[in-house]
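None of the values given here were measured: they were computed from a predicted structure.
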Amino acid sequence: MRILALIVVLLAAAAIVPAIAHNTSGSAGTARNGQSMVDPNAPAVQIGGPFTLTAGDGTTKTDKDFHGKYMLVLFGFTFCPDICPTELQNAATALDLGGPAVADKTNIVLITVDPERDTPAKMGEYVRQFGNNITGLTGTPEQIAAVARAYKVYYARATETDPGDDEYLMDHSSFLYLMGPDGKYVSVFRAGTDPQEIANTIKAEIASH
């Protein structure tokens, strides 16, 4: 079952990345080899949309609460041993590298894929380790499933355990989405993207508007 789950993750990533490559009028990111991530023949795919979730302080947050600024959205979970904290740190570093021109106009949002363990309080405590302009969001399993579908994110429990066992990991997509001040999709970054590249992409997008 673990092997099957990993195969599904790889197939999902292979299918999603070309389709959600930058397909709006903003500036696109570039891959590490200097070539553009953009596939000009990729079909337009609807990424993102309305959501209602719960923040670390227990307040209800909707997508509209983040309108007016750019938003870096990633999905993960607080028990994640490596990828999630690395990508969250990369996002925070990108805003630092971009300076006030980027940091003052961009929010980072971490949405859990593990709502059973990630309570609002745990999400709030977790994101505070990475910076002040980061919001951790959780919700009911149904709410998380809905927002994951909206962002074309795959997730599933990875380790076979007893139902009452809290020692498990989650398989999930690890893309970082850049959303515009209007809440619409702008661009996507693969895991491991250089924070400077992320900062440059946001700067270019801000400058173009």
Side-chain angles (χ1 to χ4, degrees), residues 12-13 15-32 34-40 42-51 53 61-76 83-113 127 130-137 147-154 172-209:
I16 291 173
V17 169
I20 63 177
H22 190 287
N23 55 38
T24 64
S25 59
S27 174
T30 55
R32 289 188 173 185
Q35 297 180 344
S36 173
M37 290 169 55
V38 178
D39 178 359
V45 174
Q46 178 65 42
I47 300 295
F51 62 76
L53 297 169
K61 296 290 186 182
T62 72
D63 55 296
K64 292 183 179 179
D65 288 312
F66 299 96
H67 287 186
K69 290 188 176 183
Y70 287 87
M71 182 168 58
L72 285 172
V73 183
L74 64 156
F75 289 75
I83 293 178
C84 302
T86 298
E87 292 308 304
L88 196 56
Q89 185 60 62
N90 282 349
T93 300
L95 298 199
D96 288 340
L97 292 172
V102 170
D104 292 347
K105 296 182 179 181
T106 310
N107 289 315
I108 300 172
V109 177
L110 172 67
I111 300 176
T112 185
V113 294
V127 299
F130 299 91
N132 296 323
N133 59 342
I134 305 175
T135 302
L137 298 177
V147 70
R149 283 195 301 271
Y151 279 85
K152 308 299 185 288
V153 168
Y154 167 85
H172 63 90
S173 307
S174 54
F175 303 116
L176 179 64
Y177 300 94
L178 176 62
M179 311 300 288
D182 56 359
K184 294 183 179 179
Y185 167 79
V186 174
S187 191
V188 65
F189 304 97
R190 295 178 177 88
T193 298
D194 190 325
Q196 186 65 66
E197 179 183 325
I198 298 171
N200 291 345
T201 299
I202 301 173
K203 273 187 177 180
E205 182 64 26
I206 292 173
S208 69
H209 292 80

Original post:
Any side-chain heavy atom of K61 sitting closer than 4.5 Å to one from L137?
Top reply: yes
Subject >> Between CG on residue D63 and NZ on residue K184, distance to nearest 0.5 Å >> reply: 12.5 Å
Original post:
To the nearest 0.5 Å, how far apart are CD1 in I47 and NZ in K152?
Top reply: 4.5 Å
**OP:** Give me the ring orientation class for F51 and F66: parallel if the planes are under 30° apart, tilted from 30 to 60°, perpendicular past 60°.
**Re:** tilted
Original post:
Nearest heavy-atom pair of L97 and K203: which atoms, and what distance?
Top reply: O-NZ, 4.5 Å
Subject >> Shortest non-hydrogen contact between S174 and A191, atoms and distance >> reply: OG-CB, 3.5 Å
Original post:
Nearest heavy-atom pair of G49 and A150: which atoms, and what distance?
Top reply: N-CB, 4.4 Å
Original post:
If only atom types and distance count, is the side chain of D104 paired as donor or acceptor with the main-chain N or O of A101 below 3.5 Å?
Top reply: no
Original post:
With a 4.5 Å limit on heavy-atom distance, are the side chains of I206 and K105 in contact?
Top reply: yes
**OP:** Look up atom CD1 in I108 and atom NZ in K69, then write down how far apart they are to the nearest 0.5 Å.
**Re:** 11.5 Å
**OP:** Search all heavy atoms of G180 against all heavy atoms of V186 and return the closest pair with its distance.
**Re:** N-CG2, 3.4 Å
Original post:
Is there a side-chain contact between F75 and L110, using heavy atoms and a 4.5 Å cut-off?
Top reply: no
**OP:** Report yes if some heavy atom in the side chain of H172 is under 4.5 Å from a heavy atom in the side chain of C84; otherwise report no.
**Re:** yes
Subject >> Min side-chain heavy-atom separation L74-F175 under 4.5 Å >> reply: no
Original post:
Any side-chain heavy atom of M179 within less than 4.5 Å of one from V73?
Top reply: yes
Original post:
So, for Y177 and Y151, is the gap between ring centers shorter than 6.0 Å?
Top reply: yes
Original post:
Is there a side-chain contact between I111 and L53, using heavy atoms and a 4.5 Å cut-off?
Top reply: yes
Original post:
Taking C-beta and beyond as the side chain, do N107 and Y70 meet within less than 4.5 Å on heavy atoms?
Top reply: no
Original post:
Closest heavy-atom contact between R190 and E87?
Top reply: O-OE1, 4.4 Å
**OP:** Grab the two heavy atoms, one from L176 and one from A91, that are nearest each other, plus how far apart they are.
**Re:** CD2-CB, 4.3 Å
Subject >> CD1 on I202 to CG on L95, rounded to 0.5 Å >> reply: 5.5 Å
Original post:
Which is it for T193 and N90 under the side chain to side chain contact (heavy atoms under 4.5 Å, CB included) test, yes or no, and what are the steps along the way?
Top reply: CA-CA 8 Å; T193 298; N90 282 349; over 6 Å; no
Subject >> Candidates N133, I134, L88, I198 - the one meeting side chain to side chain contact (heavy atoms under 4.5 Å, CB included) with L72 >> reply: I198
Original post:
Just wondering, more than 12 heavy atoms not from D182 lying within 6.0 Å of its CG?
Top reply: yes
